[in-house]
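Everything below concerns the one structure shown next.
A note on names: the letters A, B, ... follow the listed sequences, proteins ahead of strands, and every chain is numbered from 1. Source: prediction; values computed, not measured.
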Amino acid sequence: MEEIRNMSQYAPGGIEEKWYAAWEEAGLFGPDPDLEGDPFVITLPPPNVTGILHMGHCLGNSIQDTLIRWARMRGQPALWIPGTDHASIATEQVVSRQMAAEGIDKREVGRDAFLERAWNWKDQTHGRITQQIRRLGCSLDWSREAFTMDEARNRAVTEAFVLLKEKGLIYRDVYLVNWCPHDLTAISDDEVEYQEIEGHLWHLKYPLADGGGHVTVATTRPETMFGDTAVAVHPNDPERKQLIGKMVKLPLTDREIPIIGDHHADPEKGTGFVKITPAHDPNDFEVGRRHDLEQVICMTPAGVMNEQAGAFAGLGRSECRQAVVEALDKDGLLDKTEKHVHQVGHHDRCGHVIEPYLSRQWFLKMDELAAPAVKAVAEGEIKLFPERWVGVYDNWMNNIRDWCISRQLWWGHRIPVWYCDGCDEEIAARTAPAACPACGGGKLTQEEDVLDTWFSSWLWTFSPLGWPDQTPDQEKFHPTSVLVTAPDIIFFWVARMIMASYEFKAEKPFAEVLFHGIVRDDQGRKMSKSLGNSPDPILLIDEYGSDALRCSLVMLTPTGQDIFFSEATLEVGRNFCNKIFQATKLVLGTWEEAGLPDGNPNDTAPRILEIESLGSADDWAERPAGLFAELWTGVFGGTPPVELQDGDLRLEDRWILGRLLDTVSGCGANMEKRRLNDAAYGVFNFFRHEFCDWYLEAIKPRLRDEQERGPVLATAVLGLAVSYKLLHPVMPFITEELWSWLPPSRGFLMNSSFPGFRGKTPFQRECAGFEQVMEIVGAIRNLRNELGVQPGKRGRAILRVPGDAVAAELTGGLALIALLAKMEDAEVVVGGPDPSPAGATVAGAVEIFLPMEGLVDLDKEKARLNKELAGIENWMKGCRAKLANEKFTANAPDHVVQKQKDLLAENETKAGKLREMLDALG
RNA sequence: GGGCGAAUAGUUCAGUUGGCUAGAGCGCCUGCUUUACACGCAGGAAGUCACAGGUUCGAGUCCUGUUUCGCCCACCA
């Protein structure tokens with residue numbers, strides 16, 4: 001410790017790792033079994049097990065850890081469950097790519113060999129991501145860690161599937177799904193990302209079979225014409241409806257297809273004729289079903305034209321597009337080509353253009369599941385912050401579509417359905433059935449497909465607690481308290497978790513959802529690998545410290561708003577860490593010099609500290625030293641190092657105690673409101689500007705005085721300790737470290753009390769008094785600066801007041817004023833002539849004169865005072881007009897009117913004094 | 001096409017139920033090796049609160065419209 005104490009600047013290296021290990025070893029990450037009261041539970045949104053930590057994780061995890069640590073210190077059994085996600089497609093892609101780089105085709109080696117490799121990869125990367133999360137300081141209960149594809153979670157997924165299947169909510173159908181020709185799997189609607197593409201609209205002529213001319217269809221995808229099975233016009237289209245029933249010759253083929261009437265065709269759009277390709281377009285699919293059209297598939301799953309395309313077979317879909325257009329043009333069947341901007345779906349994982357593709361998939365019916373989930377949010381049983389997301393949620397839930405849950409992948413939960421070779425029976429079962437229940441046949445084949453990743457994550461509030469088994473954890477910790485996540489997965493995950501919980505647990509999954517912003521770069525762009533604008537958080541932690549990163553993220557993150565991140569923002573956190581460190585060094589250095597006792601080793605502080613229960617503001621005024629000692633006991637467990645008398649608590653001590661309790665109160669209120677940034681910012685401001693800039697400066701002479709330093713050290717150490725407590729949820733490492741330095745501290749800060757205060761702030765009179773000191777000091781500093789007084793030149797400050805009462809109020813602060821304004825001394829006079837020559841200014845009812853022989857430039861001084869006077873007069877003009885307005889005095893609340901009157905009086909006095917000063921200058 | 005969000009100092013953002021002589025960090029200017037801290041201290045400059053109307057005694061805040069930027073949703077050929 002000695003070594004750290006001697007650091008000239010705070011360097012977090014080593015300290016952070018040390019405390020994380022110490023907390024873990026002490027078993028502080030799990031819920032404290034001795035605590036009663038409502039548990040506070042969060043399940044960590046599981047990061048991709050093969051991924052690495054990014055800034056988004058840092059923000060979300062910092063918020064969660066802040067909440068968890070706060071709740072833990074408040075005395076609730078706090079549980080934060082870690083876990084990782086198998087991330088089906090993402091992981092399969094990575095592993096396939098690795099294999100491809102070695103020249104291995106995954107389809108050649110087969111499912112089992114591929115999975116073995118994937119599991120190995122998972123085992124390697126799992127340690128990396130969890131290690132990174134530890135670096136952040138997250139107080140997760142690692143003994144309860146879960147993985148979406150581990151044994152227990154497998155059972156949960158199977159159970160969920162079978163229950164839904166038995167209920168008839170899961171069905172299998174041949175349907176047009178979003179197909180990724182690159183990854184060769186179906187994906188859900190939500191995994192499709194639409195991008196605006198500048199394409200073309202080709203007008204193609206389809207000759208009528210009877211030779212009487214042609215119809216012109218407009219399309220963005222001519223290559224799908226080989227799958228056309230009709231041309232549609234609107235049934236009420238006056239100009240075209242008479243063609244319904246006729247046949248057209250499909251160019252480049254020998255097929256004839258009918259012209260049908262369907263309202264899908266809009267007479268106002270395109271040419272009024274639409275080619276219908278039921279196997280390759282979602283709208284056409286619907287049209288095809290309505291008219292019982294044949295579904296002609298003209299591509300392979302990989303997006304290559306098949307035999308339906310005749311001479312074009314074997315071409316890729318985009319090559320074929322060019323070729324078809326050229327061929328039609330040659331035949332005179334290309335009417336025209338227009339530029340056309342439209343939205344094209346891409347796979348959000350690999351970026352390839354989605355192909356609507358006809359295939360047999362598994363679906364989950366959603367409307368029945370959605371109903372209770374919509375109700376829960378509408379009725380406020382689950383609260384969303386910020387509230388505006390309720391609208392987005394409702395809109396999606398009310399238009400919910402069935403969820404395609406099967407994926408043609410290997411890395412995932414294999415669908416627990418077996419097909420009987422004998423009778424085609426479909427058996428959904430929790431374990432592999434021995435024989436077919438229908439025909440008794442013993443030859444059963446399991447479904448090849450796996451489930452969508454989100455089919456395991458939607459169980460995430462209860463599967464980590466042991467569901468479907470009846471576990472004590474489930475009873476105790478479900479529903480969970482808060483879900484913290486970014487809003488971009490509100491549909492993928494949040495909405496589905498709500499549905500799953502009501503379906504399987506018949507209760508809500510969490511009481512509230514806290515949506516935080518997305519971390520962007522300093523130009524507002526999303527962080528992405530391809531842009532290379534995503535910093536590695538671990539490198540940032542190495543350089544700035546985890547506390548700095550957490551502090552900056554939490555403090556600078558307005559609720560739910562995206563944040564623009566640049567490394568400069570980390571300096572705020574880092575500098576603040578150093579500030580706390582330096583202040584501690586100053587106070588403890590003096591403590592050691594003074595040789596104060598460390599306190600009794602057996603002292604134990606209460607686990608919960610509600611400061612208002614110690615006494616009221618009046619009690620504080622009456623016996624401040626007694627209550628101070630009680631507060632000390634509440635914080636440290638023992639008694640103060642010296643016996644304090646009421647008189648030991650001076651103006652500045654009482655002021656800082658008042659401010660401290662006010663900060664405790666504001667911090668708690670903001671935490672309750674989930675305004676984490678305000679909570680952190682309030683403590684930051686208190687500590688930096690009030691505690692360091694004013695209080696520590698004010699007590700320096702007393703710290704050097706052997707007679708006086710005992711009592712003032714007690715106040716300073718208490719101020720440090722309470723500040724650490726308030727800051728600990730956001731900056732766990734440095735606060736734990738510095739807490740351990742405080743001689744009277746016992747045990748870990750992490751599971752000590754988080755002070756609460758809901759009472760009326762004590763020492764209001766002293767607070768006002770100190771604020772007057774601050775104002776006068778500010779005025780003198782300003783004056784000195786404007787006059788260009790040498791910093792080393794001290795001299796006397798004369799404070800002229802109108803009467804004895806004001807003078808009496810001031811006397812107690814004179815020494816402080818002289819100290820803080822760097823004057824030789826300060827003196828109060830009642831009335832009397834202007835000292836001259838002197839620089840002069842006004843602070844409230846106090847006129848301030850700095851007699852400065854030869855220093856004052858008369859003209860400059862006059863100009864300065866005139867400028868100030870003009871500003872005040874201008875303001876007073878407006879204020880008088882306002883007060884003269886009867887409507888204002890009649891309508892505005894009394895306190896507002898009174899405030900205006902007070903301000904006016906104050907400014908009038910000040911203006912009067914400024915005029916007198918000007919007169920005195922001649 | 002529909003919805004949501006943002007617009008306040010050079011910049012990044014606070015500003016909660018209307019009471020504001022509009023704040024903070026960074027940056028800028030001036031001064032300071034004051035025995036915790038230059039990752040610091042003190043002082044200062046800097047704003048038509050996007051625009052136009054309206055409600056009100058009073059609008060950064062509420063209402064209507066407009067502009068610009070961003071995001072989400074939607075099957076438009």
Quiz item: If only side-chain N and O atoms of K899(A) are considered, is one of them under 4.0 Å from the OP1 or OP2 phosphate oxygen of C20(B)?
Solution: yes
Quiz item: Roughly how far apart, to the nearest Å, are G65(B) and G3(B) at atom P?
Solution: 11 Å
Practice problem: Using a heavy-atom cut-off of under 4.0 Å over every strand shown, decide if Y681(A) touches base, sugar-phosphate, or nothing. | Solution: sugar-phosphate
Practice problem: Spell out, as yes or no, whether a donor-acceptor pair under 3.5 Å connects the side chain of E191(A) to the backbone of S188(A). | Solution: yes
Quiz item: Just to confirm, is there a sub-4.0 Å distance from OP1 or OP2 of A38(B) to any side-chain nitrogen or oxygen of Q582(A)?
Solution: no
Quiz item: Under a 3.5 Å cut-off for both distances, is G43(B) Watson-Crick or wobble paired, and to whom?
Solution: C29(B)
Exercise. With the side chain of R675(A) defined as its heavy atoms from C-beta on, choose the nearest nucleotide among A14(B), C13(B), A42(B).
Key: A14(B)
Quiz item: Between atom CG in D678(A) and atom C1' in A24(B), what is the gap in whole Å?
Solution: 12 Å
Exercise. Between C41(B), G43(B), U35(B), spot the one nearest the side chain of K579(A), thanks.
Key: C41(B)
Practice problem: Using atom types as modelled and distance alone, determine if a side-chain donor or acceptor of S552(A) lies under 3.5 Å from a backbone N or O of G573(A). | Solution: yes
Quiz prompt | Student check: side-chain heavy atoms of T219(A) and M225(A) closer than 4.5 Å | solution = no
Quiz item: Judged by atom type as modelled, is there a donor-acceptor pair below 3.5 Å linking the side chain of N885(A) to the main-chain atoms of A881(A)?
Solution: no
Self-check item: W396(A) CH2 - C4(B) C1' separation (whole Å)
Solution: 18 Å
Quiz item: Between G25(B), A36(B), C41(B), which one does the side chain of K585(A) approach most closely?
Solution: A36(B)
Quiz prompt | Nucleotide G18(B), atom P - distance to CG of N891(A) in whole Å | solution = 15 Å
Quiz item: Yes or no on side chain to side chain contact (heavy atoms under 4.5 Å, CB included) for E737(A) and F581(A), after CA distance, side-chain angles and deciding distance?
Solution: CA-CA 10 Å; E737(A) 171 73 20; F581(A) 167 78; over 6 Å; no
Quiz item: Quick one: does N891(A)'s side chain have a donor or acceptor within less than 3.5 Å of a partner on K887(A)'s backbone?
Solution: yes
Quiz item: CD of E571(A) versus C1' of U11(B): gap in Å, rounded?
Solution: 15 Å
Quiz prompt | Closest listed nucleotide, where the reference is the side chain of K887(A) and the choices are C57(B), G40(B), U30(B) | solution = C57(B)
Exercise. Quickly work out the Q898(A) CD to C57(B) P distance and round it to whole Å.
Key: 22 Å
Self-check item: Nearest-Å distance for atom pair CG/C1', residues L903(A) and G19(B)
Solution: 11 Å
Quiz item: N578(A) has a side chain; which of C37(B), U30(B), C32(B) sits nearest to it?
Solution: C37(B)
Quiz item: Can you tell me how far C1' of U35(B) sits from CG of D705(A), to the nearest Å?
Solution: 16 Å
Exercise. Report yes if a side-chain nitrogen or oxygen of R520(A) is closer than 4.0 Å to either non-bridging phosphate oxygen (OP1 or OP2) of U12(B); otherwise report no.
Key: no
Quiz prompt | Nearest to side-chain heavy atoms of F888(A), which nucleotide of G40(B), C73(B), C57(B) | solution = C57(B)
Quiz item: Between R574(A) and G25(B), is there a side-chain N or O to OP1/OP2 distance below 4.0 Å?
Solution: no
Quiz prompt | Watson-Crick/G-U partner (both atom distances under 3.5 Å) of C62(B) | solution = G54(B)
Quiz item: Nearest to the side chain of P893(A) - G19(B), C73(B), C41(B)?
Solution: G19(B)
Quiz item: Does a sphere of radius 6.0 Å around CD in E672(A) hold more than 12 heavy atoms from other residues, nucleotides or ligands, not counting ones at 6.0 Å or beyond?
Solution: yes
Quiz item: Contact class for H340(A) vs. all strands (heavy atom < 4.0 Å): base, sugar-phosphate, or nothing?
Solution: sugar-phosphate
Quiz item: Are side-chain heavy atoms of F687(A) and L720(A) found at a separation under 4.5 Å?
Solution: yes
Quiz item: Across the strands shown, which category fits N685(A) at heavy-atom distances under 4.0 angstrom: base, sugar-phosphate, nothing?
Solution: nothing
Quiz item: Distance check: side-chain N/O of N782(A) vs OP1/OP2 of G44(B), anything under 4.0 Å?
Solution: yes
Quiz item: With a 4.0 Å cut-off on heavy atoms, is A265(A) in touch with a base, just the backbone sugar-phosphate, or nothing at all?
Solution: base
Quiz item: Quick one: CG on D547(A) to CZ on F733(A), what's the gap to the nearest 0.5 Å?
Solution: 6.5 Å
Quiz item: Taking atom P in both A74(B) and G15(B), what distance in whole Å separates the two?
Solution: 32 Å
Quiz item: Would you find a donor on one side and an acceptor on the other, under 3.5 Å apart, between the side chain of R781(A) and the backbone of A821(A)?
Solution: no
Quiz item: Would you call W875(A) stacked on U21(B), i.e. ring centres under 5.5 Å apart with the planes less than 30° off parallel?
Solution: yes
Distances under 3.5 Å between protein N/O atoms and the N/O atoms of nucleotides 5-8 of chain B, please, pair by pair.
unit_1: G5(B); atom_1: O2'; unit_2: Q561(A); atom_2: OE1; d: 3.3

Quiz item: Quick one: does Q9(A) reach the base of C39(B) with a side-chain donor-acceptor pair under 3.5 Å?
Solution: yes
Quiz item: Base, sugar-phosphate, or nothing for E697(A), non-hydrogen atoms under 4.0 angstrom?
Solution: base
Practice problem: Answer with base, sugar-phosphate or nothing: what part of the nucleic acid does P356(A) contact at a heavy-atom distance below 4.0 Å? | Solution: nothing
Practice problem: Check if the side chain of N907(A) and the base of U21(B) share a donor-acceptor pair of N or O atoms closer than 3.5 Å. | Solution: yes
Quiz item: Which part of the nucleic acid, if any, lies within reach of V392(A) when heavy atoms closer than 4.0 Å are counted: base, sugar-phosphate only, or nothing?
Solution: nothing
Practice problem: Identify the nucleotide, in any strand shown, that forms a Watson-Crick or G-U wobble pair with C71(B), with both distances under 3.5 Å; if there is none, say none. | Solution: G3(B)
Quiz item: Which is true for A892(A) with a 4.0 Å heavy-atom rule: it touches a base, it touches only sugar-phosphate, or it touches nothing?
Solution: base
Practice problem: Using a heavy-atom cut-off of under 4.0 Å over every strand shown, decide if P791(A) touches base, sugar-phosphate, or nothing. | Solution: sugar-phosphate
Exercise. Give R794(A) one of three labels, base, sugar-phosphate or nothing, depending on what nucleic acid heavy atoms sit under 4.0 Å from its own.
Key: nothing
Self-check item: Under-4.0 Å side-chain N/O to phosphate OP1/OP2 contact, K822(A) with C41(B)
Solution: no
Quiz item: Looking for any heavy atom pair under 4.0 Å, which part of the strands does C692(A) touch: base, sugar-phosphate only, or nothing?
Solution: base
Quiz item: Given A36(B), A42(B), G40(B), which nucleotide is nearest the side-chain atoms of A583(A)?
Solution: A36(B)
Quiz item: Under 4.5 Å between any side-chain heavy atoms of R702(A) and R709(A), yes or no?
Solution: no
Exercise. State, with a plain yes or no, whether a side-chain heavy atom of V587(A) is found less than 4.5 Å away from one of L696(A).
Key: yes
Quiz prompt | Whole angstrom value for the distance that separates P of U21(B) from NZ of K877(A) | solution = 16 Å
Quiz item: What nucleic acid atoms does D281(A) come within less than 4.0 Å of, heavy atoms only: base, sugar-phosphate, or nothing?
Solution: nothing
Quiz prompt | Touch class at under 4.0 angstrom, heavy-atom based, for Q343(A) against every strand present | solution = base
Exercise. May I ask you to verify if any side-chain N or O of K882(A) is less than 4.0 angstrom from the OP1 or OP2 atom of C20(B)?
Key: no
Exercise. With heavy atoms under 4.0 Å as the rule, sort N283(A) into base, sugar-phosphate or nothing.
Key: base
